[in-house]
Amino acid sequence: MTTATPPAARTARPRVEGDWLFVPAPQAHRPVRLFCFPHAGGDATAYTPLARALAPAAEVWALRPPARGGRSRHPMPPDFDSLAATVTEALVPHLTGGDGGRFAFYGQSFGALLAYEVARALPAHRRPELIVAVGAPSPAEWSGRETRDLDASELLRLTGLEESVRAHPDLVELALGAIRADLAVSATYRHRPHAPVGSAIQALAGADDPMLATTCLTGWAAHTRGAFGHRVVPGGHLLATVDRPGPADLLTSLLTSRPASRPTPLPADRQVPAAPRHASREQ
């Protein structure tokens, strides 16, 4: 079922908040905020269809990474830790949200890893109530990945975005440049053992994802003390794109069902250890 786009979402003027955030469909009634983190090479504008589909239940605040789009002249931080620290600092003033200050994170691929590490960098009382990780192995399974073996042009093809830019050579080069910048940062990530976060985690994978084994999803359970769920949904490696909203109905359900989205402790015997590493090449 496709979520209808309310009139308010169609007519609201998009706005930019500082360097780092883009609000594609502002909502006057200040609903729960969903901070969206793009995939490697992705830009904030990819979340515009999702923002319109979620309104009025939620308001999307999409991350604007440097080295692309309106921030093409802004340099990418030199490593993953610097990127996560900079993004955390940029988000802090905006975490009050609406609907009683509720907010959640949604990240695709590399964005899922960044969303989790930003959540972990926040003070415990200011973390999102929910982290939705799409098309990504858990942080414990990310370290040591041979990112240099994945060419930017191959990633553009595997994510399904090659078709949308193929007719425009300038767009291809811009897309490849952004992917290379993100791959370089991704290669510097090193997982460090830490206490699980209290945020609930929902791990998703597209049924037709060519880059991630769906068995990787259970590894996320070890990274939360809260509620954990995982499921396979229709789609490929990227669920939300500039051409489609992605899992809008599922997200609406998660964000509007307070008991389901608020973290609840799991008994010790239900904690799932991180799954063994798979030969996934997702970025």
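Residues V92 and L114 fall within the same hydrophobic cluster, defined by Ile, Leu, Val, Met, Phe, Trp and Tyr side chains chained together at heavy-atom separations under 4.5 Å.
Side chain of R33 to main chain of H94: a donor-acceptor pair is present (N/O by atom type, distance under 3.5 Å, no hydrogens or angles). Formation of a donor-acceptor pair under 3.5 Å by the T252 side chain with backbone atoms of A248 is found in this model. Within the 3.5 Å criterion, the main-chain N or O of A136 finds a donor-acceptor partner in the side chain of W220. A donor-acceptor distance shorter than 3.5 angstrom exists from the side chain of T88 to the backbone of A84, with no hydrogens or angles considered. T188 places a side-chain N or O within donor-acceptor distance of the main-chain N or O of V185, the cut-off being under 3.5 Å. A distance-only check finds no donor-acceptor pair linking the side chain of D43 to the backbone of T45 [under 3.5 Å]. The closest donor-acceptor contact from the side chain of R231 to the backbone of L204 lies at 3.5 Å or more, if one exists at all.
Side-chain atoms of H223 and P196, non-hydrogen and from C-beta on, never get closer than 4.5 Å to each other. Side-chain contact between V60 and V23 is absent, with no heavy-atom pair separated by less than 4.5 Å. Within the 4.5 Å cutoff, the side chain of T256 has no heavy atoms near those of the P31 side chain. Proximity of R52 to P24: side-chain heavy atoms (C-beta onward) are nowhere separated by under 4.5 Å. You'll find the side chain of L212 reaches within 4.5 Å of the side chain of P137, heavy atoms only. With contacts defined as side-chain heavy-atom distances shorter than 4.5 Å, the pair L91/L21 qualifies. Side-chain contact between Y116 and S138 is absent, with no heavy atoms from C-beta onward closer than 4.5 Å. Under the 4.5 Å side-chain criterion, counting only non-hydrogen atoms from C-beta, T48 is in contact with F22.
Across all their heavy atoms, R244 and L239 have their closest contact at NE-O, 3.6 Å. Closest heavy-atom contact between P38 and A44: CG-N, 4.2 Å. In terms of heavy atoms, T86 sits closest to P77 at OG1-CG, 4.4 Å. Shown here for F37 and G111, the closest heavy-atom pair between the two residues is CB-O, 3.3 Å.
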When you look at V32 and E59, which way does the side-chain contact (heavy atoms from CB on, under 4.5 Å) test go after all the steps?
CA-CA 6 Å; V32 57; E59 183 179 64; over 6 Å; no
Checking V232 against D209 for the side-chain contact (heavy atoms from CB on, under 4.5 Å) test, could you report, in this order, the C-alpha distance in whole Å, the side-chain angles of both residues, the deciding distance, and whether it holds?
CA-CA 10 Å; V232 177; D209 189 341; over 6 Å; no
Using salt bridge (charged side-chain N to carboxylate O under 4.0 Å, His left out), reason through R102 and E129 one step at a time and then give a plain yes or no.
CA-CA 7 Å; R102 298 177 61 223; E129 65 181 54; 2.7 Å; yes
Between R68 and D182, is a side-chain contact (heavy atoms from CB on, under 4.5 Å) present by the stated rule, with each step listed?
CA-CA 10 Å; R68 75 212 64 196; D182 290 354; 2.6 Å; yes
Does L95 form a side-chain contact (heavy atoms from CB on, under 4.5 Å) with F35? I'd like the steps, not just the answer.
CA-CA 9 Å; L95 296 181; F35 292 90; 3.8 Å; yes
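The distance from the CZ atom of F103 to the OG atom of S199 is 7.5 Å, given to the nearest 0.5 Å. To the nearest 0.5 angstrom, L34 atom CG is 6.0 Å from L251 atom CG. Remark: W20 CH2 to L63 CG distance equals 6.0 Å, nearest 0.5 Å. Note that the NE2 atom of H191 and the CZ atom of F80 stand 11.5 Å from one another [nearest 0.5 Å]. Atom-to-atom distance recorded for W61:CH2 and F105:CZ is 12.5 Å, nearest 0.5 angstrom. Separation of atoms OG1 (T224) and CD (Q202) is listed at 11.0 Å; rounding is to 0.5 Å.
Each salt bridge (Lys or Arg N to Asp or Glu O under 4.0 Å) pair with one or both residues in residues 79-91, not counting sequence neighbours, appears once here: D81-R192. For residues 103-121, the set of pairs meeting the salt bridge (Lys or Arg N to Asp or Glu O under 4.0 Å) definition, not counting sequence neighbours, comprises E117-R120.
Under the side chain to side chain contact (heavy atoms under 4.5 Å, CB included) criterion, P193 pairs with no residue at all, not counting sequence neighbours. Listed by chain and number, the residues in a side chain to side chain contact (heavy atoms under 4.5 Å, CB included) with A240 are Y47, L50, Y106, Q108 (sequence neighbours excluded). Looking at residues two or more places apart in sequence or on another chain, you find a side-chain hydrogen bond (donor to acceptor under 3.5 Å, both in side chains) between R15 and E17. Qualifying side chain to side chain contact (heavy atoms under 4.5 Å, CB included) partners for H74, counting only residues two or more places apart in sequence or in other chains: D19, P66, R71.
Side-chain polar atoms of S109 and H237 form a donor-acceptor pair below 3.5 angstrom.
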